[in-house]
**Q** 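After the structure tokens below, expect a handful of questions from me.
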Amino acid sequence: LAKLESETWPGALDVEKEKLMLINEKEELLKELQFVTPRQRTPGELERLEAEKQRLEEDLLSVRSTPSQALAERLKVQEKRRELVQKLEESTRLATLLHSQLKSLSASTLSVSSGSSLGSLASSRGSLNTSSRGSLNSLSS
């Protein structure tokens, strides 16, 4: 993820930001021009305002219809990032599952081990008792 973040070009991002700011400014100007009232305007002013509105509409249409290469690259990087995040989440989920299974296995192995140790101690004690009795019997004979 860090590598992907570093792959974006800072210069291109600045240019894209400037383009977006310019587009926003043009959209705002167009909105303002649409609300200009024809009253108190000379026919020449109205014609100039209408020409300006037309030019802004054409500029905005052309900008929206031609996607920039930087934007396309950014979308590719964003898609790669989304895929990596998804893989990371899946790996984390699997690691958590494996961890809990390992804990469970360790606990069951420990209890089996303890049980067999107890059984081993009991049988050792039994054989110790038997051998002790045998030794005592041979001494008393």
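Just so you know, these numbers come straight off a predicted model, no measurement behind them.
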**Q** At what distance, to the nearest 0.5 angstrom, does CG of Leu102 lie from NE2 of His99?
**A**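 Those atoms lie 7.0 Å apart.
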**Q** According to side chain to side chain contact (heavy atoms under 4.5 Å, CB included), who are the partners of Thr92, at least two apart in sequence or on a separate chain?
**A**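 Per chain and number, Thr92 pairs via side chain to side chain contact (heavy atoms under 4.5 Å, CB included) with Leu88, Thr96.
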**Q** Can you name the residues that form a side chain to side chain contact (heavy atoms under 4.5 Å, CB included) with Gln101, not counting sequence neighbours?
**A**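 Gln101: side chain to side chain contact (heavy atoms under 4.5 Å, CB included) contacts with Leu97, Leu98.
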**Q** If I take atom OG from residue Ser91 and atom CD from residue Gln86, how far apart are they, to the nearest 0.5 angstrom?
**A**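 The distance works out to 11.0 Å.
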**Q** Could you report the tightest heavy-atom contact between Leu56 and Leu30, atom names first, then the distance?
**A**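 Nearest heavy atoms, Leu56 then Leu30: CD1-N, 3.9 Å.
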**Q** Scan for side-chain hydrogen bond (donor to acceptor under 3.5 Å, both in side chains) pairs involving residues 26-35, sequence neighbours excluded, and state none if there are none.
**A**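 Found Lys26-Asp59, Glu27-Arg64.
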**Q** Would Leu46 and Leu33 show up in the same hydrophobic cluster when neighbours are defined by side-chain heavy atoms closer than 4.5 Å?
**A**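 Leu46 and Leu33: separate clusters.
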**Q** According to side chain to side chain contact (heavy atoms under 4.5 Å, CB included), who are the partners of Glu45, at least two apart in sequence or on a separate chain?
**A**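 In terms of side chain to side chain contact (heavy atoms under 4.5 Å, CB included), with neighbours along the sequence ignored, Glu45 is linked to Arg41, Thr42.
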**Q** Sequence neighbours excluded, which residues qualify as side-chain hydrogen bond (donor to acceptor under 3.5 Å, both in side chains) partners of Glu52?
**A**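 Partners of Glu52 under the side-chain hydrogen bond (donor to acceptor under 3.5 Å, both in side chains) test: Arg55.
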**Q** Taking only residues two or more places apart in sequence or in another chain, which ones pass side-chain hydrogen bond (donor to acceptor under 3.5 Å, both in side chains) with Arg39?
**A**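 So Arg39 forms no side-chain hydrogen bond (donor to acceptor under 3.5 Å, both in side chains) with any residue.
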**Q** Can you list everything that forms a salt bridge (charged side-chain N to carboxylate O under 4.0 Å, His left out) with Glu50? Sequence neighbours excluded, please.
**A**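 Residues passing salt bridge (charged side-chain N to carboxylate O under 4.0 Å, His left out) with Glu50: Lys53.
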**Q** What pairs of residues pass the salt bridge (Lys or Arg N to Asp or Glu O under 4.0 Å) test when at least one of them lies in residues 92-109, not counting sequence neighbours?
**A**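 Those involving residues 92-109 are Glu90-Arg93.
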